[in-house]
Amino acid sequence: MADHANPGPAATPAGRYAGSAAAFERATGSLAGGVSSNFRSGGDPVSLFFERAAGAHLVDVDGNDYVDYVLGMGPSILGHAPADVVAAVADELGRGQLFGGQTFAEVELAERFQGAIACAERVRFGSSGTEMDQAAIRLARAATGRDLIVKFEGHYHGWLDPLLVSVAPPLDVAGPADAPIPHLPSRGQLASSADAVVILSWNDRAALDGLFNGPLRDRIAGLICEPILCNTGVIPAEPGFLEAARALTSANGTVLIFDEVITGFRVAFGGAQARTGVMPDLAVFAKAMGSGFPIAALAGSRALMELTSDGVLHGGTYNANVSSIAAANATLKALGENDGAAYGHIERMGARLMAGLRAEAERIGTDLLVQGIGPVFNTTFGRGPVRNYREYFATDRARQRLFLRALLDRGVRVTARGTWFLSSAHSEADIDQTIAAAGDALAAIG
Ligand SMILES: Cc1ncc(COP(=O)(O)O)c(C=O)c1O
């Protein structure tokens with residue numbers, strides 16, 4: 001397996017990826033950077049082009065079949081092209097897509113939310129997580145008349161100016177761990193975006209206490225977090241941390257916002273708020289609620305959500321479009337069936353895979369770090385447990401990249417950040433095939 005030993009980021013795509021390489025070359029003549037999202041560029045060895053997907057498998061334009069743990073960056077929790085969802089959308093397509101008005105189906109979906117999500121007294125639908133995070137902080141500022149939003153280093157809340165702060169800051173400009181300096185990652189961002197955000201380290205209880213007992217407390221409108229951090233490793237809150245955030249925000253009149261774009265309908269039917277037992281004032285959902293169709297939601301207390309009828313603007317031409325609503329209703333119906341049997345399966349497959357990866361690492365004698373929970377976990381190299389962005393940053397991500405490439409070469413596709421998403425379509429055979437490929441990949445990279 002010498003050819004896999006050190007593919008390197010700049011390796012010329014071998015025959016295996018030749019079709020994708022040619023397609024990417026062509027794409028650069030029309031699509032800016034050859035892609036439609038910056039997060040899809042920089043693939044190793046090239047940004048892949050895909051032909052089709054079904055269940056847990058994905059096929060690229062070169063005919064390579066992958067066991068897929070990317071799942072469209074998380075959404076395809078029932079696997080790709082789930083029959084019930086496809087049929088529900090197909091049934092609706094002939095009726096029209098957008099009416100510039102309401103449908104019964106969107107009310108049905110809102111009622112499903114009320115049944116599933118603890119904080120969902122009222123709901124609004126949109127098309128992306130980014131815009132619903134924006135709606136959440138707008139509501140927080142309107143409700144409190146304050147300006148500051150607290151967010152945590154390494155958490156991602158979409159690509160708009162106000163929250164695209166300290167997502168993956170280089171450590172030489174990130175300031176001290178107990179008082180990180182807000183970092184704006186994109187050229188063209190309004191510099192003042194950084195002034196309206198206070199950055200803390202995840203799981204830093206002392207800094208959280210200090211902030212809510214310090215001079216800025218009267219300015220804090222909202223605190224937003226991924227309740228289980230999934231955009232930097234997979235890092236749960238330590239026991240007591242979310243509870244402290246809940247208590248401090250309540251006492252201070254600050255709006256607690258859970259960004260459940262990844263965790264919603266993935267880590268439990270009731271989301272991370274059900275899994276952790278901590279209820280936010282507002283929560284944002286997307287990804288798993290729609291099986292890959294563009295849909296997102298903001299849910300929360302009646303008092304906050306009804307501010308949308310009292311001067312707080314939330315709009316969107318495509319909100320609650322017919323096919324996305326049909327997809328979400330069908331997805332939530334499938335996820336809720338048989339007492340949430342899908343979640344039992346996902347947990348079991350995830351646990352089997354995590355255990356298998358650890359066993360292979362031990363057999364080979366390498367320091368593969370597998371951290372997270374069944375529905376979503378991360379692999380990198382180093383010592384755990386990792387508690388925050390800086391500890392994750394210190395893991396050996398060069399070796400992580402080699403591992404991910406070696407997996408790809410062996411028919412296993414994982415996100416570029418080393419995060420693995422499970423679906424109800426992953427079978428024991430898929431998991432065992434993956435474990436064997438991972439053992440081979442670990443041996444090859446040394
Ligand atoms: C936690 C979290 N919040 C917000 C977003 C942004 O969602 P979208 O890409 O739908 O705008 C993402 C996207 O990955 C996310 O992971």
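In listed order, ligands and their atoms are each counted from 1.
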> What do we get for Ser128 next to ligand 1 when only non-hydrogen atoms under 4.0 Å count, side chain, backbone, both or neither?
Replying inline: both
> Are Lys333 and Asp84 within salt-bridge range, i.e. N to O under 4.0 Å?
Replying inline: no
>> Less than 4.0 angstrom from a charged side-chain N to a carboxylate O is my criterion; do Arg275 and Glu347 meet it?
In response: yes
> Where does the angle between the aromatic ring planes of Phe269 and Phe265 fall among parallel (under 30°), tilted (30 to 60°) and perpendicular (over 60°)?
Replying inline: perpendicular
>> Taking only non-hydrogen atoms of Glu226, do any sit less than 4.0 angstrom from ligand 1?
In response: yes
>> Is it the case that over 12 heavy atoms from other parts of the model lie below 6.0 angstrom from the OH atom of Tyr318?
In response: no
> Quick one: nearest non-hydrogen protein atom to atom 14 (O) of ligand 1, plus distance?
Replying inline: Lys287 NZ, 2.9 Å
>> What I'd like to find out is whether the side chain of Glu92 reaches to under 4.5 Å of the side chain of Ser323, using heavy atoms alone.
In response: no
>> I'd like to know if Asp281 pairs up with Arg246 as an ion pair, taking the criterion as any Lys NZ or Arg NE/NH1/NH2 lying under 4.0 Å from an Asp or Glu carboxylate oxygen.
In response: yes
>> Quick test of your reading of the structure: of Phe258, Tyr156, Trp159, whose heavy atom lies closest to atom 12 (C) of ligand 1?
In response: Tyr156
>> Show me which atoms of ligand 1 lie under 4.0 Å from any heavy atom of Asp133.
In response: 3 (N), 4 (C)
> If you measure from each non-hydrogen atom of Val284 to ligand 1, which part falls under 4.0 Å: side chain, backbone, both or neither?
Replying inline: neither
> Quick one: nearest non-hydrogen protein atom to atom 3 (N) of ligand 1, plus distance?
Replying inline: Asp259 OD2, 2.7 Å
>> Show the atoms of ligand 1 that are less than 4.0 angstrom away from any heavy atom in Ile262.
In response: 16 (O)
> Backbone or side chain, does any N or O of Gly129 fall under 3.5 Å from an N or O of ligand 1?
Replying inline: yes
> Heavy-atom distance to atom 16 (O) of ligand 1: which of Val261, Asn231, Ile295 wins?
Replying inline: Asn231
> Roughly how far, to the nearest 0.5 Å, is CG of Asn329 from CZ of Arg112?
Replying inline: 4.5 Å
> Is ligand 1 under 4.0 Å from a heavy atom in the side chain of Thr130, in the backbone, in both, or in neither?
Replying inline: both
> Looking at the rings of Phe377 and Tyr69, which for Trp means the six-membered one, are their centres under 6.0 Å apart?
Replying inline: no
